[in-house]
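To start, the structure under review is shown below, and the notes come after it.
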Protein chains: 2
Amino acid sequence: MKSSLDAIFSALSDPTRRAILGRLAHGKATVAELADPFELSQPAISKHLKVLEQAGLIRSGREATSRPRELEPDALKKISDWIGDYRRFWDQSFDRLDGYLSKVQGYEDDKSGD
Amino acid sequence: MKSSLDAIFSALSDPTRRAILGRLAHGKATVAELADPFELSQPAISKHLKVLEQAGLIRSGREATSRPRELEPDALKKISDWIGDYRRFWDQSFDRLDGYLSKVQGYEDDKSGD
DNA sequence: TGGCTATATAACCGTATAGATATATTGTTT
DNA sequence: AAACAATATATCTATACGGTTATATAGCCA
């Protein structure tokens, strides 16, 4: 489970994977159920699920012969926190900008937070 | 300026590009200034900037011979909104889960919001 | 055990991406 | 106009990615 910002953002850049997450927001689902809405092969879906799992966005269970997936929201929280550093850019007036800039230190901050 | 979720998430999946955004959170900067912290060629940085701009995350200006970049937070807001659909997974109790699930409809919702 | 079901893995292919170096473009300065 | 400075574009290379089909694995059931 990498769960780095690299892996998380990369996983989310694919619309199929975002759709899978959307489906999992409704609750646990099997691979077959997750594959159903798409015109993709089962192995393609399994690959997407692997990417999501390695990014820490979902987890696999085991129920008889199936391996149901469910959301693992920690990774989403991670990028939500990252975006939080920039939230003031659209949420608030630019007057207070200088006050918070010490929080956003670029490369090093980004790596340490990974 | 694509500004689709695909393009935004993809742009953010690279640590160099996130570092550039971090730098731009401090304020406008030239290409040379943005390139300075990295051991990358100038064309490599220009490419990264192009990716960020096409995702709608930054904009280019023109000042004499330089083309300073600055943040364009709309795209970040876009993914912040997307993540908002999942925020309850870590922010709140799971009791209210069923109540909001109608908001998260997966593939079609994702595409319409693009 | 043999066969069925659900899922994973392997091998392969075409396209995209990140980097490099070399060159072109555009504005400034003399 | 010529030279310089800042940046962009072209071309190339290596690797990653998303898809496919074929095959392997694991658990259940007759």
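Everything numeric here is computed off the predicted structure, so don't read it as measured data. Order of the sequence lines sets the chain letters (A, B, ...), proteins ahead of strands, with each chain counted from 1.
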In whole angstroms, the gap separating C1' of D:dA8 from CZ of B:R69 amounts to 9 Å
A:K47 has its side chain closest, among D:dT20, C:dT5, D:dA10, to D:dT20
Whole-Å distance, B:Q54 CD to D:dA8 P, equals 12 Å
In whole angstroms, the gap separating P of D:dA8 from CG of B:L49 amounts to 7 Å
**Message:** With heavy-atom distances below 4.5 Å as the criterion, would you say the side chains of B:R69 and B:L52 are in contact?
**Reply:** no
Worked verdict on A:L21 versus A:L71 for side-chain contact (heavy atoms from CB on, under 4.5 Å) | CA-CA 7 Å; A:L21 292 181; A:L71 277 190; 3.6 Å; yes
Would you check if B:L34 and B:T30 make a side-chain contact, meaning some heavy-atom pair closer than 4.5 Å?
no
A:D14 atom CG is separated from D:dA16 atom P, nearest whole Å, by 18 Å
Quiz item: Any side-chain N or O of B:H48 under 4.0 Å from OP1/OP2 of C:dT17?
Solution: no
Side-chain contact check for B:T30: nearest option of C:dA8, D:dT7, C:dA18 is D:dT7
Determine the contact category for A:L40: base if any of its heavy atoms lies under 4.0 Å from a base atom, sugar-phosphate if only primed atoms, P, OP1 or OP2 are that close, otherwise nothing.
sugar-phosphate
| message | Is it the case that C:dA8 (base atoms only) and A:Q42 (side chain only) share a donor and an acceptor within less than 3.5 Å, ignoring hydrogens and angles? | response | yes
Separation of C:dA8 atom P from A:I58 atom CD1, nearest Å, is 9 Å
CG of B:L12 to OG of A:S13, rounded to nearest 0.5 Å, is 10.0 Å
Between CD of A:E63 and P of D:dC28 the distance, given in whole Å, is 11 Å
Heavy atoms of A:A19 and A:F38 approach each other most closely as CB-CZ, 3.7 Å
* Ignoring backbone atoms, establish whether A:R62 has a side-chain N or O less than 4.0 Å from OP1 or OP2 of D:dC28. => no
field: Sugar-phosphate only, base, or nothing, as touched by B:K50 at under 4.0 Å among non-hydrogen atoms
entry: sugar-phosphate
A:D6 atom CG is separated from C:dT17 atom P, nearest whole Å, by 15 Å
Notebook entry, point to check: Taking OP1 and OP2 of C:dA20, is either one under 4.0 Å from a side-chain nitrogen or oxygen of B:S41?
Noted result: yes
Walking DNA chain D from its 5' end, the first of A:E39 and A:A64 to be reached, judged by nearest nucleotide, is A:E39
Handout entry: Aromatic plane relationship, A:F9 with B:F9 - under 30° parallel, 30 to 60° tilted, over 60° perpendicular
Key = tilted
A:R67 CZ to C:dT5 P, in whole Å, measures 17 Å
Against the side chain of A:P43, the closest entry in D:dA8, D:dT21, C:dA18 is D:dT21
Closest to the side chain of B:T16, out of D:dA5, C:dG19, D:dG18, is C:dG19
Out of D:dA8, D:dA26, D:dA6, minimum distance to the side chain of B:S46 belongs to D:dA8
- Task: For A:S66, answer base if it contacts any base atom (sugar-phosphate contacts may also be present), sugar-phosphate if it contacts only those atoms, and nothing otherwise; contact means non-hydrogen atoms under 4.0 Å.
- Result: sugar-phosphate
* Please state whether the phosphate of D:dG18, meaning OP1 or OP2, lies under 4.0 angstrom from any side-chain nitrogen or oxygen of A:R17. => yes
